[in-house]
Amino acid sequence: MGSKWRKAKLALGLNLCLYVPKTHEESSSSNSRISNDAVLLSPVLIPRPTTPTPSSSGLRLPRSMSKSSSKKTCAICLTAMKPGQGHAIFTAECSHSFHFHCITKNVRHGNQICPVCRAKWNEVPLQSPNPKSNSAVKPIGRPRNDAWMTIPPRMSSLVQSTPRPDALRPVSSIFNNEPAVFNDDEALELQDRPAESGLEKLKPGVAGKLEVKTYPEISEVVRSVSFKDFAVLINLKAPAASKSSSNSSSSSRAPVDLVTVLDVSGSMAGTKLALLKRAMGFVIQNLGPFDRLSVISFSSTARRSFPLRLMTETGKQEALQAVNALVSNGGTNIAEGLKKGARVLIDRRFKNPVSSIVLLSDGQDTYTMTSPTGTSSREASYKTLLPKEINGNRIPVHAFGFGTDHDASLMHSIAENSGGTFSFIESETVIQDAFAQCIGGLLNVVVQELCVKIECLHPKLKIGSVKAGSYLFDSGKDLRTGSIGVGDLYAEEQRNFLVNLDIPIVDGISDPMSLLKVRCVYKDPVTKETINLNNSGEVKILRPIVMAEGRPVVSVEVDRQKIRLRAAEAISEARVLAERGDLTGAVSVLETCREVLTESVSGQAGDPLCVSLCAELKETQERMASRQVYESSGRAYVLAGLSSHSWQRATTRGDMSDTTTSSYQTQTMVDMVTLSQTMNFGNPLASSNSNSNPSVHRKLRQALTFPARPRPR
């Protein structure tokens with residue numbers, strides 16, 4: 001037992017956590033003291049549906065320790081504090097006492113919170129380093145049984161063999177000295193010296209080019225007839241990820257500058273923070289050596305917990321230390337967190353091709369937000385939280401609303417106005433999967449600054465409208481030209497836009513009739529080369545004098561996209577009614593749309609897209625069953641769905657168990673989610689052991705590429 005307590009003393013002294021086996025006395029007690037902010041480091045496998053409890057992740061004091069005895073016992077080393085034993089005693093502002101040498105070790109590693117009551121100290125004891133010691137500060141040790149929050153032994157040896165000047169320094173020195181300007185980002189010189197770093201050279205560029213296809217609504221229109229709102233579908237598909245880029249450490253893809261803005265307010269204490277740390281560990285482990293990561297934590301105020309650094313082995317070690325040191329307390333100041341996150345990207349000296357902010361919060365901003373009345377006033381107030389630098393520099397914020405108490409409207413507004421997506425994490429056990437899906441896309445950007453240019457060819461044609469969702473359509477003055485700003489595409493992502501034209505009556509010989517010409521311009525994120533696709537083809541239809549036998553050929557692709565847009569519009573309309581308090585009307589709109597989709601040609605044929613949309617409409621109806629249900633989860637579910645449809649990009653909805661979450665998922669997202677779901681709480685599952693010991697598998701949830709058939713309800 002003595003060795004266990006020595007490990008416990010070391011863990012507390014370094015602001016870490018340690019799994020201590022339960023004693024008989026502790027097992028029988030239901031009121032054992034727990035640590036709120038510990039990361040789950042138990043080697044015992046926990047099935048996926050089970051939420052880890054804080055009691056299994058922290059060091060607990062014996063039940064027999066009462067208030068009176070705690071004053072005579074140091075809560076760090078758990079030994080008696082008696083005058084005359086040669087040990088100085090420190091009494092904190094909160095009245096708890098500790099051995100002076102114990103608390104100075106605790107403070108030196110960045111912990112300024114009372115180990116007993118979790119109160120934040122304004123005054124902390126300091127102790128000068130031992131002048132006789134000439135050795136570098138040792139890296140913080142951890143039990144090496146957690147694949148997320150520790151560096152494997154092989155990686156640790158690499159860290160020690162190739163230290164940077166600031167490598168392996170205490171965690172406190174990394175994030176406590178916050179500069180006025182965040183221009184201390186790590187240089188990207190590693191990319192220019194692959195031979196020295198042992199990394200492979202950069203590839204020539206993204207494999208393959210953007211695919212562009214066009215589909216007219218019908219194949220022919222009689223000359224003597226006009227056709228209003230004739231739809232032409234523009235389908236774009238990004239090239240697949242390079243096979244070598246499936247490895248996160250490969251340099252064949254575009255490197256990422258990722259800033260995570262994390263809520264560490266008091267409401268995140270316990271299991272929430274433990275699972276957030278684990279999810280961040282997964283993100284860190286899957287970033288490559290050319291990617292850079294910064295961590296911003298916010299509660300009542302915001303702080304840069306980790307600067308923008310390359311995720312080399314050393315960088316990962318330090319990032320894991322910084323994440324492990326996060327503690328929860330205070331209120332929720334989302335605005336300050338976003339401002340600091342934006343500053344990291346604005347002030348940086350070097351830039352990776354891809355930049356993004358990931359925001360996670362489980363509460364409502366209690367510092368910046370006022371309480372305006374009216375929807376328009378609330379929307380205007382929401383926009384004040386988004387720093388102007390984010391919009392001006394086109395930095396997308398991917399917002400994750402966690403639990404039932406977060407401000408879904410606020411988080412959705414932040415994402416929408418920045419060009420990012422909003423995800424709703426209903427179950428705390430899927431934080432890691434939600435992050436996995438997000439980085440599965442961010443780590444595979446293959447198209448940047450994509451612009452789709454449209455030009456009418458027939459002299460009598462004009463562009464009526466363009467169904468582009470949240471993408472901006474810029475129409476020419478003569479309404480004969482226009483452009484859609486698409487931006488970045490992940491590997492194998494698709495975008496579908498419907499262009500509506502008014503087909504006029506024509507005289508004379510005009511068969512076939514040229515309608516549109518589509519051109520695409522984008523940048524290769526790896527080579528920075530601008531690519532022009534001028535030969536995307538023309539859209540033509542036949543204009544016969546008399547219609548041939550039978551009906552004209554109707555495009556199935558156009559019909560499917562019309563169905564998708566109709567469902568999204570119905571959900572948007574239902575949301576407006578629900579916000580006004582008319583839940584009955586909202587449910588009626590959804591039910592009517594579902595009936596129309598079911599009776600459509602695609603619905604009768606069992607088209608997977610149509611069936612999936614019907615399932616989404618039904619799920620939305622159920623989440624509008626009552627005001628209480630809508631307030632707790634319905635609003636967030638609806639907004640996450642609208643974000644997904646408007647950007648045509650995958651978002652997390654609910655607990656990721658239904659197939660509506662799979663909408664717009666790419667293969668790299670599916671692969672990353674599968675990796676998250678097939679990793680146990682220790683090392684990654686070895687395929688050789690998968691058959692011999694099936695109990696070590698975490699329960700897998702379905703991860704399908706859209707469209708997919710929904711589960712029977």
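FYI, the numbering just counts along the sequence from 1.
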| said: Check Arg303 with Glu178, please: is the shortest side-chain N to carboxylate O separation under 4.0 Å? | reply: no

| query | Below 4.0 angstrom, N of the basic side chain to O of the carboxylate: do Lys340 and Glu336 qualify? | reply | no

| request: Apply side-chain hydrogen bond (donor to acceptor under 3.5 Å, both in side chains) to Arg343 and list each qualifying residue two or more places apart in sequence or on a separate chain. | output: none

| message | Any side-chain to backbone donor/acceptor pair from Asn324 onto Leu320? Under 3.5 Å, distance only. | response | no

| field | Basic-acidic side-chain contact under 4.0 Å: Glu573, Arg575 | value | no

| query | Can any side-chain N or O of Glu616 pair as donor or acceptor with the backbone N or O of Leu613 at less than 3.5 Å? | reply | no

| Is any NZ, NE, NH1 or NH2 atom of the basic residue among Glu569 and Arg564 found under 4.0 Å from an Asp or Glu carboxylate oxygen of the other? | no

| task | Go through the structure and list residues passing salt bridge (charged side-chain N to carboxylate O under 4.0 Å, His left out) with Glu595, not counting sequence neighbours. | result | none

| Trp647 and Tyr471: aromatic ring centres closer than 6.0 Å? | yes

| query | Looking at Phe400 versus His406, is the centre-to-centre ring distance below 6.0 Å? | reply | no

| Any donor-acceptor N/O pair, Ser632 side chain to Val629 backbone, under 3.5 Å | yes

| query | Is the cationic atom of Arg653 (NZ for Lys, CZ for Arg) positioned less than 6.0 Å from the six-membered ring centroid of Phe424 and within 45 degrees of its normal? | reply | no

| field | Lys/Arg N to Asp/Glu carboxylate O, Arg635 vs Glu579, below 4.0 Å | value | yes

| message | Please evaluate residues Tyr664 and His645 with respect to the criterion ring pair (Phe, Tyr, Trp, His ring centres under 6.0 Å), reporting the C-alpha separation (whole Å), side-chain torsions for both, the decisive distance (0.1 Å), and the verdict. | response | CA-CA 9 Å; Tyr664 311 106; His645 286 303; 5.7 Å; yes

| field | Nearest-0.5 Å distance that lies between atom CG in Leu359 and atom OG1 in Thr260 | value | 10.0 Å

| Taking the six-membered ring of Tyr630 as reference, does the NZ or CZ atom of Arg623 fall below 6.0 Å from its centre and within a 45° cone about the axis? | no

